[in-house]
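Encoded as structure tokens, the structure appears first; notes follow it.
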Amino acid sequence: QKEVEQDPGPLSVPEGAIVSLNCTYSNSAFQYFMWYRQYSRKGPELLMYTYSSGNKEDGRFTAQVDKSSKYISLFIRDSQPSDSATYLCATSYRNFGNEKLTFGTGTRLTIIP
Amino acid sequence: GAVVSQHPSWVICKSGTSVKIECRSLDFQATTMFWYRQFPKQSLMLMATSNEGSKATYEQGVEKDKFLINHASLTLSTLTVTSAHPEDSSFYICSARDAGLVTDTQYFGPGTRLTVL
């Protein structure tokens, strides 16, 4: 069993729709949860990070963590074509700056104009 | 946000040759850098953790003699793929730790695509 499971998609939604991306993890020792966006042939870009259960909002993006069910989500409101990318969830045991990150496989998202 | 660069962005080499990839933190000092490998349609897999001035720590299954890592300064780490073979063809991505005052964060480079013929 992979430590972090993520539906690889692909996922296509019309512009303006709300996008929901999800991951599950198996190790309850994971404490930090991140979402990265990766455009084709580019390195991942950090979108959101959180270390507690609940919601964290940043503009059109909301990260949600439920530690009791080991479930993490990223919601994108008012989706734009520029949001088309692969979205990776990641976890770490402690502060993720100095820690090994465990990534999901990534979900490829396409926003249709 | 902080900027991490990689050079080259892509490289094609013959089987048996060695290839060096550079990872630089441009506007911050990185005591720790990480090297990842990403195969098509797969996630990033950590290869090794590089700490400035000391030997790298390799993940299980990664050959340290094949993937040489040097972190000689606080802004530069290099990954050398020695005697490269076609199965080493992959997307290699580094990240660098910015232990700032507010947050302790890893920033990723743009990646290097290696093709071994």
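To find a chain, count down the sequence lines: A is the first, B the second, and so on, and within it residues start at 1. Heavy-atom basis, side chains included; hydrogens, waters and symmetry copies ignored.
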A/R77 bridged to A/E57 by N-O distance under 4.0 Å: yes

Residue pair B/N51 / B/T32, side-chain donor-acceptor N/O under 3.5 Å: yes

Charged tip of A/K56 within 45° of A/Y49 ring normal and under 6.0 Å: yes

Under 4.5 Å from any heavy atom of chain B - which part of A/P8: neither

Parallel, tilted or perpendicular: ring planes of B/F108 versus A/F103, cut at 30 and 60 degrees: perpendicular

Chain B contact via A/Q38 - side chain, backbone, both or neither, heavy atoms under 4.5 Å: side chain

Structural part of A/R41 lying under 4.5 Å from a heavy atom of chain B: both

Output field: ring centroids A/Y25/A/F33 closer than 6.0 Å: yes

Which atoms of B/I93 approach chain A - backbone, side chain, both or neither, heavy atom under 4.5 Å: side chain

Portion of B/Q6 that has a non-hydrogen atom of chain A nearer than 4.5 angstrom: neither

